[in-house]
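Read through the structure below, which is laid out as structure tokens, and then see the notes.
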Number of protein chains: 2
Amino acid sequence: MKDISKELGISITTISFIVNKKAENKISKEVIKKVEDYIEKVGYKPNSSAQSLRTGKSKSIVFMVEDISDPFFSAIAKQMEEIAFRNGYNIIYCSTENDRERTLELISLFKDRQVDAFIITPPENFEKDLKNLIYEEHQTVMVFDRYFKNFKHNYVILENFEGAQKAVTGFYESGRRNIAFIGIHSELSPLVERHEGYLNSIGAYNLAAYELFLKFNEVKTPAGMSAIRNFLKGNPGIDSILFATNNLAITGLRVMREKKIKIPEDLAIISFDERDVFELYSPPISVIAQPISELAKELINGTLEILASKKEKKYFFTKALPGELIVRESLRPVKKLSSNP
Amino acid sequence: MKDISKELGISITTISFIVNKKAENKISKEVIKKVEDYIEKVGYKPNSSAQSLRTGKSKSIVFMVEDISDPFFSAIAKQMEEIAFRNGYNIIYCSTENDRERTLELISLFKDRQVDAFIITPPENFEKDLKNLIYEEHQTVMVFDRYFKNFKHNYVILENFEGAQKAVTGFYESGRRNIAFIGIHSELSPLVERHEGYLNSIGAYNLAAYELFLKFNEVKTPAGMSAIRNFLKGNPGIDSILFATNNLAITGLRVMREKKIKIPEDLAIISFDERDVFELYSPPISVIAQPISELAKELINGTLEILASKKEKKYFFTKALPGELIVRESLRPVKKLSSNP
DNA sequence: GCTGTTTAGTAAAACGTTTTACTAAACCGT
DNA sequence: ACGGTTTAGTAAAACGTTTTACTAAACAGC
């Protein structure tokens with residue numbers, strides 16, 4: 001294309017300067033005008049492979065999540081895409097399936113493709129790989145939804161501890177005193193912190209803890225359902241359940257429907273993470289909702305910021321955003337409460 | 001990297017042949033072995049920008065849908081990603097927002113990025129742009145979810161007409177005789193054909209038609225709800241509703257919940273497109289489900305096939321897959337049926 | 001009118017591949 | 001032992017940019 005542009009009798013260098021807006025102090029107004037008009041006329045667009053080859057930058061960012069068809073992740077993805085696009089970046093999504101090998105393969109693929117940054121929700125057992133990626137391979141990486149204490153990195157997460165506290169407080173204020181927690185056996189920070197937040201609040205109110213942990217891969221399965229079934233049978237006294245993830249809650253709801261357990265009379269329910277089915281369910285289910293737009297904005301703006309200031313890089317971008325307890329029918333008080341002025 | 005490889009004392013050309021598996025008939029076993037071992041040792045991977053620059057191919061495919069956070073599209077995306085990855089391609093997703101301008105911008109961006117193919121659900125009023133993209137710009141394009149009669153193109157779609165027929169038959173066999181259709185005012189082929197299928201079956205059974213069409217952008221809004229409210233009020237005789245899309249059905253369900261309409265006693269419901277909320281709803285909602293896996297497979301395999309056989313290109317890849325009526329509680333018969341041996 | 005500096009612009013190398021056209025050596029048949 | 005063919009390999013151009021280092025012309029100061 002530059003060759004064609006050279007039909008103007010102007011050097012390729014000059015064209016390049018003009019295209020890249022580096023021309024202000026070097027090139028005369030008239031030449032700039034002439035070139036810009038011509039570019040406009042023929043609709044020239046630089047070849048991005050060549051740019052990428054030359055500069056080593058591809059103007060693309062990869063967003064790796066556990067499962068891109070999860071509504072939470074796809075909602076984030078969509079909002080980031082919008083902002084990235086306006087900044088001349090595009091976003092490539094992919095699913096790790098929470099599998100370490102696969103994640104490594106994907107990272108290797110995208111490194112070869114010269115992506116400028118990784119926004120990633122690392123799978124289980126990925127701590128050393130992640131550290132390596134950041135500190136040995138010197139990639140720009142933004143960690144999403146979880147973080148690691150053992151080394152510094154950029155991240156954007158939810159205030160999971162506080163979120164769980166809000167849920168327990170919600171139960172407590174609606175009159176529940178036997179509050180259960182159903183979680184997942186995992187070392188991932190959100191799962192750990194949601195549990196810790198629960199324990200902390202339970203302790204503060206001086207209540208007994210009731211806990212069930214499923215295995216990660218049995219959440220959506222019959223095995224998960226029967227674990228919950230047994231848990232309910234073994235703990236008939238509980239009057240409320242906090243589910244640590246939305247998939248967990250959905251499995252729980254299946255069990256309750258099957259057992260004809262009444263919500264909120266028999267059991268009050270709060271789930272982490274909003275999902276359209278919760279609002280539409282009968283009764284509507286209360287949730288600790290993540291601030292999707294804000295998360296998406298922080299993620300992409302933070303990443304772009306890091307990319308822009310790549311010289312210094314002495315600081316880390318870290319952000320924890322609060323979740324919001326959305327009270328719905330599933331949390332309606334059923335006992336009389338002590339009057340509240 | 002090739003320079004480094006040249007430390008073996010072997011020409012860059014030879015390395016390239018070996019890397020690209022073009023070496024079989026040209027280069028001696030020993031040299032191949034030596035080079036492959038060295039590559040393995042140092043972990044060499046070709047720079048894809050350079051490859052892309054040289055060959056004009058990027059090994060990436062863009063998947064443009066109305067809204068990537070729609071569970072239907074994101075499920076398709078996820079399955080395609082898997083297959084594409086195994087074939088050395090990666091997929092870039094983006095959302096058109098059903099907006100023509102935005103779609104054109106995105107297409108322009110991705111053309112510059114040298115994507116090898118577009119898999120696209122074109123927005124409203126995109127017919128000429130699409131035709132142009134295929135016939136003037138000679139891009140490889142696979143159209144998804146809709147098609148155009150006026151020119152030949154590759155597509156993968158659902159059998160929408162037959163799907164609507166199955167729904168009407170389902171209602172009929174469950175004893176309903178006043179079957180309504182709630183659709184969207186649109187020229188997009190699925191919406192048109194679902195409606196035509198409905199009319200066709202209604203006609204075959206000699207029943208009256210009850211129809212409501214919302215505007216595309218009011219589906220998820222209060223305006224949509226009140227349109228449905230009025231429709232129900234104006235047509236008290238109807239005993240069943242076929243919703244042309246899942247979002248439409250969700251809006252409808254909100255109205256019914258608010259009006260305390262009993263499903264399936266007062267109104268039987270079938271919606272197009274599966275969605276987790278339908279199965280979990282009380283009562284569970286019957287649907288015409290799209291065969292997600294098959295659609296994803298046909299889409300990506302079809303696209304890869306076209307890409308592989310780019311020389312000929314004399315044929316078009318066209319596929320219409322049947323939907324399946326999944327019968328749930330919302331379709332339970334309530335009247336006595338004439339006995340059925 | 002000479003030197004030094006700014007202005008406006010350009011030549012050419014480099015990024016890392018692929019691919020065409022070439023060659024030197026070995027082999028083959030007579 | 002000669003020309004012809006195969007074998008095993010290579011040199012160099014090309015893909016379309018960016019960027020460094022350069023220059024010719026104009027100008028300024030004295």
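Residue numbers begin at 1 in each chain, while the letters A, B, ... track the order of the sequences.
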Whether B:R102 engages the ring of A:F85 as a cation-pi pair (distance to the six-membered ring centre under 6.0 angstrom, angle to the ring normal within 45°) should be assessed. yes
Of the listed nucleotides (C:dT19, C:dT17, D:dG16), which one gets closest to any side-chain atom of A:A50? D:dG16
Candidates C:dT18, D:dT17, D:dA11 - which lies nearest the side chain of B:S11: D:dA11
Atom pair distance, as rounded to whole Å: [atom1] in [X] and [atom2] in [N]:
X     : N      : atom1 : atom2 : result
B:I15 : D:dT10 : CD1   : P     : 8 Å
B:K57 : D:dA14 : NZ    : P     : 21 Å
A:I27 : C:dT10 : CD1   : C1'   : 9 Å
A:F17 : D:dT17 : CZ    : C1'   : 12 Å
B:K29 : D:dT7  : NZ    : P     : 13 Å
A:I32 : C:dA8  : CD1   : C1'   : 11 Å
B:I18 : C:dG16 : CD1   : P     : 20 Å
B:I39 : C:dG16 : CD1   : C1'   : 14 Å

With a 4.0 Å limit, can you tell me whether [X] has a side-chain N or O closer than that to the phosphate oxygens OP1/OP2 of [N]?
X     : N      : result
B:K22 : C:dT19 : yes
A:S28 : C:dG9  : yes
B:Q51 : C:dG16 : no
B:N47 : C:dC15 : no
A:T14 : C:dT10 : yes

For a quick check, tell me whether the side chain of A:R54 and the base of D:dT17 share a donor-acceptor pair closer than 3.5 Å. no
Specify the residue among B:K26 and B:L53 whose closest nucleotide of DNA chain D lies further upstream toward the 5′ end. B:K26
Side chains of B:K59 and B:S48 only: does a donor on one sit below 3.5 Å from an acceptor on the other? no
Taking the basic N atoms (NZ, or NE/NH1/NH2) and the acidic carboxylate oxygens, is any pair closer than 4.0 Å for [X] and [Y]?
X     : Y      : value
B:K33 : B:D37  : yes
B:K21 : B:E36  : yes
B:E82 : B:K297 : no

Heavy atoms under 4.0 Å, any strand shown: does A:T13 hit a base, just sugar-phosphate, or nothing? base
